[in-house]
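Reading through the structure tokens given below for one structure.
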Amino acid sequence: MALEILLLGPPRVERDGVPIVVDTRKAIALLARLAVEPGVHARDSLATWLWPESDQQHARAALRRTLSTLAGALGEGRLAIDRAGLEFCHAADVRVDYAEFVAGVRHAREASPSEPAVAVLERCAALYRDDFLAGFSLRDSPEFDDWQLFQAETLRRDMCWVLERIAALQFARGSYTAAIDTARRWLTFDPLHEPAHRLLMQSYVEAGEHAAALNQYRQCVRLLEAELGVAPLAETTALYEAIRERRHTGPPSVLPQPAAPETAGTPAPLPYLRTLPMVGRATELNRLVQLHRRARRVGRLIVIEGEAGIGKTRLTEAFIEQARSAGSSVLYARCYDGEGDLSYGPLVELMRAGIALHPERDWHALLRPDDLTAVSRLLPELEPAQSRNSGEVDDGPGARSRFYAACARLIDALAGEADCAGVLVLEDLHWADDATLAFLSWLVHRLDARPLVLLLTWRAEETPPDHRARRMLAGAERDGRAEHFMLGRLSRADVAELVATVSGDVRLAERL
């Protein structure tokens, strides 16, 4: 029975094309969270998230009732539920528009500039009916509202990038009418973005609509004055003057540019593909790239530390892009507040993310049965047939070491096939559970034997001096196999650059 979960726009869930109805909005909120964030979620964390004003007992009771309603509506086998946690079971007959959009954007970002993924971009644009869960809210769950807003803003930025690429490619191949339609849609998301106004003006010119191009400039002037109290950039005004005087305007500034050739000994140009640019971190990023290259011979622990909002994730994303472009396998997971009692939760997410990258592999044929038996404590789907229902549990001397070694060998198989070092990323380690920290400490002492970069991020203010993660880092630094990045705040010049890029007006930085 096919299941379709539509989250881009007003939420809608259908079984075999027929909308399902649940008697509580929190069931839809819960399904959205489970569908967007794969992996096991702790019951206590979800209960607090949805019923923050209730005590834990009443919140858990409300969660049980909501789960019963949701499980009945979705059908058998859609939710995996036990006493500690639950997760949504993705399958071949399940379609989630959010997942398709995110995967499509990722594919398009990774595509070669010489072979842009036009069809993928257009599919992403078609999937985006409206903002994430448009028109949906919970009156008594501010944490849900914050989560929804974060998801919506992230997806809007991705959608702006998609529309920018589509419009630029349409202009480049002479489809000016299509470029006009796309640029106008782009401006509905970001009406103050001057590059979008300029591309629309030039598309009007090429389509023979000079009056519309001039009118578009005047509209841009009115918007900037009303919203920001500033005049357009000199580049925008110069384009207007050229159009008015019927002079050649040149190509739009958003058209894809050919990549510069790589110079010997110099890292390739950095693929800053996010809507927001990364500024002020070039030194740190270049150092990360160097460490990754060296880790092909000896593994390395890297820690990126800083206060909340300082740019740890942005730097990590830029490094991941570099590592992937070099051919590295990257496994990524994040730790979450309130899930410290869910043993090995981030490790499970990490390994499942790796397995999802290789759906064609038969892990029962690639790994030893005893390793699969050990790892199946966390990933039941990998349990060998001969050990099912045997009741045997390895709890003898050295059992934990054998369990850790089995997990490490699975990670090696997931991340260690490329010619360069594999990368494991765990963000927000300050929220990790003790079991995950114990495994990481064990792994760090054995990095010499594997071509692997273990990249961890944590908040300085959430990680006291006696935190287990700090002790792990200190030991690795003493042994010479760790690198610690303490991120400081951006300089005034960096902030000005960031604001100017986002707003299109360098003077706005001074006003802020």
Review point. What's the verdict on side chain to side chain contact (heavy atoms under 4.5 Å, CB included) for Q151 and D146, showing C-alpha distance, side-chain angles and the deciding distance?
Key: CA-CA 9 Å; Q151 298 292 341; D146 290 344; over 6 Å; no
Review point. Stepwise, does the side chain to side chain contact (heavy atoms under 4.5 Å, CB included) test hold for R43 with I81?
Key: CA-CA 9 Å; R43 278 177 173 262; I81 305 173; 2.9 Å; yes
Exercise for review: Take D145 and R139 through the salt bridge (charged side-chain N to carboxylate O under 4.0 Å, His left out) test and state the conclusion after the steps.
Suggested key: CA-CA 9 Å; D145 291 341; R139 290 177 296 176; over 6 Å; no
Practice item. Verify side chain to side chain contact (heavy atoms under 4.5 Å, CB included) between T313 and T457, making sure each step is shown before the conclusion. Key: CA-CA 8 Å; T313 295; T457 73; 5.7 Å; no
Check your understanding: Does the pair E307 and R459 meet the rule for a salt bridge (charged side-chain N to carboxylate O under 4.0 Å, His left out), with working shown?
Key -> CA-CA 5 Å; E307 61 184 300; R459 293 181 185 174; over 6 Å; no
Exercise for review: Decide yes or no on salt bridge (charged side-chain N to carboxylate O under 4.0 Å, His left out) for D93 and R78, but give the supporting numbers first.
Suggested key: CA-CA 11 Å; D93 62 344; R78 298 303 188 185; 2.9 Å; yes
Exercise for review: Decide yes or no on side-chain hydrogen bond (donor to acceptor under 3.5 Å, both in side chains) for E305 and H484, but give the supporting numbers first.
Suggested key: CA-CA 8 Å; E305 178 178 358; H484 184 197; 2.7 Å; yes
Practice item. Run the numbers on E477 and L301 for side chain to side chain contact (heavy atoms under 4.5 Å, CB included), then give the verdict. Key: CA-CA 9 Å; E477 285 182 316; L301 168 65; over 6 Å; no
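Of all heavy-atom pairs spanning P52 and P142, the tightest one is CG-CD, 4.1 Å. Residues Q322 and V289 come closest through the heavy atom pair NE2-CG2, 3.7 Å. Closest heavy-atom contact between L424 and A415: CD1-CB, 4.1 Å. The nearest pair of heavy atoms linking L378 to C407 is CD1-SG, 4.3 Å. Here the closest non-hydrogen pair linking Q56 and D44 is NE2-OD1, 3.0 Å. When all heavy atoms are compared, the tightest approach of H292 to A421 is NE2-O, 2.8 Å.
With no hydrogens or angles considered, a side-chain donor-acceptor pair links E37 and W147 at under 3.5 Å. If you check the side chains of Y332 and E349, you find no donor sitting under 3.5 Å from an acceptor.
Taking 4.0 Å as the cut-off between side-chain N and carboxylate O, R352 and E87 count as a salt-bridged pair. Salt bridge absent: D190 and R157 never bring a charged side-chain N and a carboxylate O closer than 4.0 Å. Of the charged side-chain nitrogens involved, none lies within less than 4.0 Å of a carboxylate oxygen, so that R300 and D448 do not count as a salt-bridged pair. Salt-bridge annotation for R287 and E483: present, with a side-chain N of the basic residue lying under 4.0 Å from a carboxylate O of the acidic one. Salt bridge annotation for E4-R15: absent, with no cationic side-chain nitrogen under 4.0 angstrom from a carboxylate oxygen.
For the pair R471 (side chain) and D466 (backbone), a donor-acceptor distance under 3.5 Å is present. Judged purely by atom type and a 3.5 angstrom limit, S68 has no side-chain atom pairing as donor or acceptor with the backbone of R65. No donor-acceptor pair closer than 3.5 Å links the side chain of R185 to the backbone N or O of L163. D97 contributes no side-chain N or O that, together with a main-chain N or O of L127, makes up a donor-acceptor pair within less than 3.5 Å. With hydrogens and angles disregarded, no donor-acceptor distance shorter than 3.5 Å links the side chain of S141 to the backbone of L138.
Annotation: W458 is not in aromatic contact with H467 [ring centroid separation under 6.0 Å not met]. In this structure, W442 has its ring center under 6.0 Å from that of Y404. For Y98 and Y128, the gap between ring centers reaches or exceeds 6.0 Å. The aromatic ring centres of H41 and F88 sit 6.0 Å or more apart.
Between F189 and D131 there is a side-chain heavy-atom pair separated by less than 4.5 Å. A heavy-atom distance below 4.5 Å is found between the side chains of V40 and L342. Considering only heavy atoms from C-beta on, V102 comes within 4.5 Å of L155 through its side chain. Under the 4.5 Å side-chain criterion, counting only non-hydrogen atoms from C-beta, H90 is in contact with V96. No side-chain heavy atom of I166 sits less than 4.5 Å from a side-chain heavy atom of W186. When side chains are defined from C-beta on, R481 counts as touching H445, because their heavy atoms get closer than 4.5 Å. Using a 4.5 Å cut-off on side-chain heavy atoms (C-beta onward), L429 and L440 make contact. Residues V423 and V425 form a side-chain contact, since some pair of their non-hydrogen atoms from C-beta on lies under 4.5 Å apart.
To the nearest 0.5 angstrom, L437 atom CG is 11.5 Å from L347 atom CG. Here E164 contributes atom CD and L169 contributes atom CG; the two are 10.0 Å apart, rounded to the nearest 0.5 Å. The distance from atom CZ of R446 to atom CG of L452, rounded to the nearest 0.5 Å, is 14.0 Å. Summarising the geometry, atom OG1 belonging to T436 is positioned 10.5 Å from atom CZ belonging to R468; distances are rounded to the nearest 0.5 Å. For the atom pair CG of L382 and CD1 of I355, the computed distance is 4.5 Å after rounding to the nearest 0.5 Å. L473 CG to L456 CG: the interatomic distance, rounded to the nearest 0.5 Å, is 8.5 Å.
Qualifying ring-ring contact (aromatic ring centres under 6.0 Å, His included) partners for Y344, counting only residues two or more places apart in sequence or in other chains: F403. By the ring-ring contact (aromatic ring centres under 6.0 Å, His included) test, F485 is found to be paired with no residue, residues two or more places apart in sequence or in another chain being considered.
When the shell of 6.0 Å around CD of Q57 is examined, it contains 12 or fewer heavy atoms from other residues, nucleotides or ligands. Within a 6.0 Å radius of CZ in R489, no more than 12 heavy atoms belonging to other residues, nucleotides or ligands are found.
Residue pairs meeting the salt bridge (charged side-chain N to carboxylate O under 4.0 Å, His left out) criterion with at least one member in residues 421-439, sequence neighbours excluded: R334-E427, R334-D428.
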